[in-house]
Amino acid sequence: MSDQRHWAEHQVNQPVFSDSLQQAIPTFCVLQTDGQVYPDATMPDIDQSLAQKIYRTSCFIRALDERMLASQRQGRISFYMTETGEEAADIGSCAALTDDDLIMGQYREQGALAFRGFTVDQFMNQIFSNEQDLGKGRQMPVHYGSRELNYMTISSPLTTQLPQAAGYAYGMKLRGQSSCVICYFGEGAASEGDFHAALNMAAVKHAPVIFFCRNNGYAISTPAHEQYAGDGIASRGPGYGIRTIRVDGNDMLAVLKATQDARAYAVESQKPVLIEAMTYRLGAHSSSDDPTGYRSRKEEQLWRHKDPVERFKLWLMAQGWWDEAQDQALKEEYRQSVSNAMKRAEKIPAPHLRDLVTDVYQQVPAHLEAQFASLEAHIQRHPEAYPKTAGRLHHG
Amino acid sequence: MSDQRHWAEHQVNQPVFSDSLQQAIPTFCVLQTDGQVYPDATMPDIDQSLAQKIYRTSCFIRALDERMLASQRQGRISFYMTETGEEAADIGSCAALTDDDLIMGQYREQGALAFRGFTVDQFMNQIFSNEQDLGKGRQMPVHYGSRELNYMTISSPLTTQLPQAAGYAYGMKLRGQSSCVICYFGEGAASEGDFHAALNMAAVKHAPVIFFCRNNGYAISTPAHEQYAGDGIASRGPGYGIRTIRVDGNDMLAVLKATQDARAYAVESQKPVLIEAMTYRLGAHSSSDDPTGYRSRKEEQLWRHKDPVERFKLWLMAQGWWDEAQDQALKEEYRQSVSNAMKRAEKIPAPHLRDLVTDVYQQVPAHLEAQFASLEAHIQRHPEAYPKTAGRLHHG
Amino acid sequence: MAEMNLLQAINSALDLAMKADEQVLCFGEDVGQFGGVFRASSQLQEKYGSDRCFNTPLTEQGIVGFANGLAAQGMRPVAEVQFADYIFPAFDQIVNETAKYRYRSGNQFDVGSLTIRTPYGGGIHGGLYHSQSPEAYFTHTPGLKIVVPRNPYQAKGLLLASIQDDDPVLFFEPKRLYRAAVGDVPEDAYTLPLSKAEIVREGQDLTLVAWGAQVEVAEAAAQQASESGIECEVIDLRTLLPWDSDTIAESVRKTGRLIVTHEAPRTSGFGAEICATLQEMCFLSLESPIMRVTGLDTPFPLALEKEYLPNALKLVDAIHDSLNY
Amino acid sequence: MAEMNLLQAINSALDLAMKADEQVLCFGEDVGQFGGVFRASSQLQEKYGSDRCFNTPLTEQGIVGFANGLAAQGMRPVAEVQFADYIFPAFDQIVNETAKYRYRSGNQFDVGSLTIRTPYGGGIHGGLYHSQSPEAYFTHTPGLKIVVPRNPYQAKGLLLASIQDDDPVLFFEPKRLYRAAVGDVPEDAYTLPLSKAEIVREGQDLTLVAWGAQVEVAEAAAQQASESGIECEVIDLRTLLPWDSDTIAESVRKTGRLIVTHEAPRTSGFGAEICATLQEMCFLSLESPIMRVTGLDTPFPLALEKEYLPNALKLVDAIHDSLNY
Ligand SMILES: Cc1ncc(C[n+]2csc(CCOP(=O)(O)OP(=O)(O)O)c2C)c(N)n1
Ligand SMILES: Cc1ncc(C[n+]2csc(CCOP(=O)(O)OP(=O)(O)O)c2C)c(N)n1
Ligand SMILES: [Mg+2]
Ligand SMILES: [Mg+2]
């Protein structure tokens, strides 16, 4: 028989409505604000070298975000997005993966990319849209991607990566790879139809994907309570038949542990998992945004006390794995390297004219060749109007 | 402060994953297969006249469905869809509403329309796409609609009516009407992105809408277990913060009671409700479908024993509100009236040529007038090729 | 009269529409308290309450679906899609539902009171996903009206007309002009006609057709051409569906030459429809083929946006090509 | 060679593709055990297992999103959208994702191995939502290929070519012909070239361009016209993007007259692009305006489908109009 629904076993003769929030989903925490581990808390699998790598990555991202935001204010770049306050979410989770797990980000997960080994020059070339950008200067700043590092190129339309993550993971499963996909998204993006399609398909097709929600309280100006009426995003997981956990998103150790367990489950049982990390975006949504229009400084202040990087540093120091001198030196080193890389990237020229028309198709089709030829001829007639490209025609 | 998320209260220090199906949602039942009420079951608000109206409507729909399916097989109509086996779901729920509640159907809810008072001739005119069809012969059979009866015209693209139901209900709320929308859909349709958008928006915007899922085990050939991996559709409700109930969809009294309670809640608290009615499509998906390709006769047989109309009839008779003689007479009456109406509808001509171009816009725009004029001229040149319209030009 | 930029003109139209008719609602992502990411709905929640002006969850298909329902109910919703690049998740609700609501029901139900506003177009360093001009996709959909203003005065009058109109309207706002275009705008309500093109510069040598931000590019090209003695007639199409072919045809019968320009990629852009219709209407008057000066047939690029976009210089080249044909 | 109808030809192509390459997967609503509502994927699950041929949940945006992910991973998915009328929920995944995947990543990632199949078109009493021809919407999207076969032989060869092609292909199947079109088809695998039009009937008086089911309508019209001494050249465009304008231009330079026909509504249908391009390419050869014989600018009707559709009779009238211009 094909009808395999089970529901008749559990009958009631009174109309009992299941109410929302009947039982809130708990939040998994390991690390207290003062850097002490909760007594009896389950620790992740972590040693000194991993701990230091996580911390270094966090510091690098702080240095990058600060400098780039400043550069945007100076008009040196057109746009930027920081992840300040959310470093534990992407770096802590990414640290639980192996390098052949694919990362699909939303746009605020540069930490995961840095953890994988994206160089400061690679960051800068993308941000400055120069000819060495792996994306060929086609997308706005922060739309990174690296085939080599298994980090899918970021796409601005929200949530489109979720059903893709399910499909990608299903492909991995068919090939018998023991790897998975981690797919990041915000609590705002979780309202899109693609979220629903993705979680349901991943559950039905048993795709090994970790859906990782960064619930940072806002989607641009829209607070979470105008985004959904249930118990966060986690409360949706069981409805899809997906294992789900909520975690303190400012707690590096809890995020790491939850993701380690989630990955083990996803890969071993070849099924999806949902993680909701509760955190807060300390900065503006992007360099185009001004959060004072929709939230108070007091609220932001409250969250500064829960800074995930500071909290993790206290723990590191308590382990004897880090000290203030190292900290100062590291931060200075990153400030310098970011600053130097920026200067290098600014000097690299824009992409060649030819990059306008390649990669639309595998080969440039005839009609586009014709459009290109007439554009080239036009630029040759008016070189002064096209300073970025006129001097470098016929190079492509 | 704008961040109103609550989640930090309930902490755990171990990674506890919430599993799906941890606790199945129970099914509310009132009526046993033999027509007896479960001891202590909560009864709906029902008197003899309502009970008879429900039963008469069910019998009318059976008569209509049987005759129309036969007509389709005879080639008299091009397409038909029966609701056989699911009459309790739409008729039982519709009976809990008032006439100014709007009904938005999927396509298998002709029972609700009949209950509202759509005449047998109105059914036939739509099915035969003649010039008296309220929809002007533009849509396939079973795409009914009646402004007068507050029954929104059916649209084939699945699930599009769900976010619309939320918006419509929100409009009612703003006007201070004490009415609601009931919105029917299948468990298959519940996989579309529009489902997610609709339930979330209705919950956030506090729209008085009853989302009524007919879970009949199949979406065409696709069984429910290939449609979702969670505990039916009901298990999704709490995730949206929506009050939810599962009901035996073949139990007229349970459906009626659940919908009465749901309506009271929706209208009083101005919030959405989700009802999942567990039922079974006894017939083919549509006249184009042959279910033997994907399920067994044995399975169908099992469900024939749970026939919602028979079960309700037994209860009616036990109340002393109905007898076999009445039953025979009623069924004969409906057979006749359907058959007569069909003969009338077949004789009514097709819509006028003018109906091709009206209602695209409120007024026919110039370019479409030009297209119409040239079509008319063409038909005048070749009247023999357009027998439906050539004889009746210039009538519109 | 007051000096307003295009955003202020939009805001003023929304404000007056909400004041005049309680049934007008404005909503979309970040439209409520914040007033929209571009601030087009600034102050509206404060003035008219959060029942009538509000944030929605982040779902374009939901926003338009919800708006369809509101319109069917008799309300007069003005839904915002934050960027035209993000209108595609709502494509089904717009093309299969909005556009066909009245027809399929035999005029029993309609969503004619609906207006969907969305910022579109390039020139703001937006790359692939903050620059698209998707208007042509919708022009293939009978049942929709499509309106694009070129400046603050037009924006206010056309938006008020769109909101009042009893057919559903997609209103594309050229975001490059939001703050860049400034002009005198009446403070009170007024409407401008839909489906009526406007001749914004007269000339007898060649006809230029454009809409939205591209109109000022066409005007600049006409100015440059005029310096070499070529007088172009510039027409702002204003409404793309149902569109005013007569005004263009009349002009082309006079000039004998036509160039259409738009930012969107060339293939199947709305320029194609204009060419197809006008070559038929003006076959005997045309002295050279109708030309299109458009974006390339590629996604919208970032670093080489200047090279990609159809600017005045490219138009002037095409004007010469047309005259030298 | 075997006699096959168009459905059998499609099924044979899928079967051979799955046999030849383990990475080919077929899925969609009801595609698995049942073999699809039209039975195009009949027996495939039985032969290749339910990992490679399966039912999906009912979500077109999910199906195409999932397929994009599979293609990015290196698999070769063939996704079915049950009716072209239901492709719109997937519009965002197709237009913003599929089409731009390679470009936006600088060729680091692509979904070139993806094929999306979908039955389209009228003539089956389907009314508004089982009759649409939405191909033109996609032609405005650089990055996609769009293929439409006219008969069983073409269907098999073009589908195999589409599956093998390293750009994403939308494959529109004229469902009216599924069982109606029967012809000899090789049992083994073969491919036909993409982006290449085919002259299916030669003539020197007028050129007729069509695709899909409309080709046989054009052939019928050519036959009728021939009876009154007018010889039409009939061209099957076959691929709508990137399309073969040269073959048409060559023909028009010979005949001096062009009519394009498609079922979709006229405004911004793909006929518009053909007119726009050809009037430019063949300006000096054209002896009458390019004409379009198309569906009306309305939603697709039911009872008056015959009146709505562009049939041979309407084409013959247009042929005379063109010659008498
Ligand atoms: C489909 C789509 N709609 C709208 C936008 C515009 N937009 C960009 S980011 C954003 C908010 C996202 O919020 P969330 O998912 O919570 O992520 P966060 O920014 O908080 O990290 C919006 C509305 C978009 N990029 N894509
Ligand atoms: C958007 C969309 N996709 C696909 C279809 C084709 N289709 C029509 S009915 C159906 C199955 C619906 O199943 P369900 O929602 O369970 O309703 P039921 O037929 O069981 O009552 C499908 C796939 C459609 N009408 N619309
Ligand atoms: Mg957020
Ligand atoms: Mg079903």
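Lettering of chains follows the sequences in order, A, B, ..., and the numbering in each one begins at 1. Treat the numbers as computed from the prediction; the structure is a model and nothing was measured.
Under the 3.5 Å distance criterion, the side-chain polar atoms of A:Gln14 are matched with a main-chain donor or acceptor of B:Asp40.
Heavy-atom distances place the backbone of A:Ala190, and not its side chain, under 4.5 Å from chain B. Only the side chain of B:Phe195 comes within contact range of chain A, judged by heavy atoms closer than 4.5 Å. Both the backbone and the side chain of A:Arg295 come within less than 4.5 Å of a heavy atom in chain B. Looking at B:Val247, neither its backbone nor its side chain comes within 4.5 Å of chain A, counting heavy atoms on both sides. For chain A, no part of B:Asp251 is nearby; none of its heavy atoms comes within less than 4.5 Å. The contact between B:Tyr38 and chain A is made entirely by side chain atoms (from C-beta outward), counting heavy-atom distances below 4.5 Å. For A:Val12, the parts lying under 4.5 angstrom from a heavy atom of chain B are both the backbone and the side chain.
At a heavy-atom separation below 4.5 angstrom, chain B is approached by A:Val204 within residues 204-211 of chain A.
With contacts defined as side-chain heavy-atom distances shorter than 4.5 Å, the pair A:Thr244/B:Phe17 does not qualify.
A distance of 12.0 Å separates CG of B:Asn13 from CE of A:Met43, quoted to the nearest 0.5 Å. Atom NE2 of A:His196 sits about 4.5 Å away from atom CZ of B:Arg236, to the nearest 0.5 Å. Distance check, rounded to the nearest 0.5 Å: CZ of A:Arg281 to CG of B:Asp3 gives 11.0 Å. Here the straight-line distance linking atom CD of A:Gln11 with atom CG of B:Asp248 works out to 7.0 Å at 0.5 Å rounding.
Across all their heavy atoms, A:Ser2 and B:Pro223 have their closest contact at O-CB, 3.4 Å. Counting all heavy atoms, side chain and backbone alike, A:Ala229 lies closest to B:Asn200 at N-OD1, 4.3 Å.
Contact count against chain B (heavy-atom pairs under 4.5 Å) is highest for A:Pro15 among A:Ala258, A:Ala262, A:Pro15, A:Ala254. Ranked by heavy-atom pairs shorter than 4.5 Å toward chain B, the options A:Gly217, A:Ala197, A:Ala203 are led by A:Gly217.
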